[in-house]
Amino acid sequence: MRWDLFCQVIDNFGDVGVGWRLARDLAARGETVRFWIDDPSALQWMAPGAPPAGLAIRRWSDSLDEPEVGDVVIETFGCELPQAFVARMAGRRPQPPLWLNLEYLSAEPYVERSHGLNSPQFSGAGQGLNKQFFYPGFTARTGGLLREPQMLAEQASFDAEAWLAKLGLQRRAGERVVSLFAYPNPRLNELLQALGEQATLLLVCPGAAQQQVPALLKASPRPNLRWHALPYLSQPEFDRLLWACDLNFVRGEDSFVRAQWAGKPFVWQIYPQADGAHGPKLEAFMDLWLSQAKPEPAGQWRTLWRAWNGLQDARQDAQQDARLSLPDLHQAQTHALAWREHLVSVEDLSSQLLKLSRKTS
Ligand code: TRH
């Protein structure tokens, strides 16, 4: 089938990260995909080289004069489609395309209620068309998560030490390796203190942290802690970074999901929203993710995640700020693998999209 994926880059890299990962997955499964994007600049490092067969990167503005409309049209994260393109969707014969809005990922209860809901268009260029909401998620009553068919097999044959050596790095005896992909965070110095409590190699992704870490370590040296500034990695190499580490600090949406597929302990810095909506979103995920965990470690992870996200921990009184402390990683490793097993039991997002597209064609 022919797919038109529309992606508008608001800020950071999640919009293009998720959109591109979906486009690549569909093309790898034999579909013909046009990826319409307004700012493709991040693809230079996220997806260097020629796009894979079946996948064409197109400038958003070119869609205004594009005569052909695909069988399936996906707007990612509610990015409003160009009206001219919507008009052609309405005029498409013999039948209009399947029109989907791929929503943001959340574990909140509204997702299961809203997944698959229709939004008939009663006016405007799309009059007569129907748009369907498609919600990714962590449970069977959602659209699932992006998971490339070969990913887990690739990870099973992955050699972490060889990958680190490619970066000129070598793990020292008894040293843990930790990755950090974060938004600016006032608790960073406390994290460095907690990490410095035992031999640690910290791999820092581009962003504010790469400026903050050297300054903080100059002000408060941590003899057990050494760090390395990473370049921007391609998406497959970013996966390998997560696979090579014992603990991953991730953010936003796509890296958050990749950390779960890595099957390693992780800490999620949620995308902060001005209205504070990110708080309940974080709590909803922790409720699901920790539902099978033992109470003690579960409490420790909640406290750490809330502290890293600057959210008050109800168990701590207002005065006493939660000092960042890292729970036992060995126990957390077992939990991470069990959680991944659960996620593998949920049909992946692209497979569900393909089924839906076949059903309506
Ligand atoms: O960049 P982000 O913070 O994106 C955010 C979130 O998506 C958020 O939900 C959205 O509202 C906001 O953008 C607008 O984090 P995220 O989602 O993890 O996206 C980062 C992408 O960059 C992901 O696909 C992984 C990729 N990446 C690489 O490929 N190489 C790298 O070196 C790094 C650091 C990231």
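In listed order, ligands and their atoms are each counted from 1.
Checked against salt bridge (Lys or Arg N to Asp or Glu O under 4.0 Å), K264 has no partners two or more places apart in sequence or in another chain.
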Below 3.5 Å, can you tabulate the donor-acceptor pairs from side chains in residues 211-226 to any protein atom, sequence neighbours excluded?
from	atom 1	to	atom 2	distance (Å)
R222	NH2	N189	OD1	3.4
N224	ND2	G196	O	3.1
R226	NE	E175	OE1	3.4
R226	NE	E175	OE2	2.7
R226	NH2	Q170	O	2.6
R226	NH2	E175	OE1	2.8

Would you give me the side-chain donor-acceptor pairs under 3.5 Å for residues 42-58, sequence neighbours excluded?
from	atom 1	to	atom 2	distance (Å)
R58	NH2	E66	OE1	3.4

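Looking at R240 and E154, a side-chain N of the basic residue comes within less than 4.0 Å of a carboxylate O on the acidic one, giving a salt bridge.
Taking the six-membered ring for Trp and the full ring otherwise, H335 and W301 have centroids separated by 6.0 Å or more.
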Kindly indicate, with the supporting measurements, whether the criterion salt bridge (charged side-chain N to carboxylate O under 4.0 Å, His left out) is fulfilled by R171 and D246.
CA-CA 11 Å; R171 179 199 296 262; D246 307 300; 2.8 Å; yes

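At a 4.0 Å heavy-atom cut-off, the residues surrounding ligand 1 are D11, N12, F13, G14, D15, G17, W45, M46, Y104, F181, Y183, C205, Y232, L233, S234, Q235, F238, R251, G252, E253, D254, S255, Y271, listed by chain and number.
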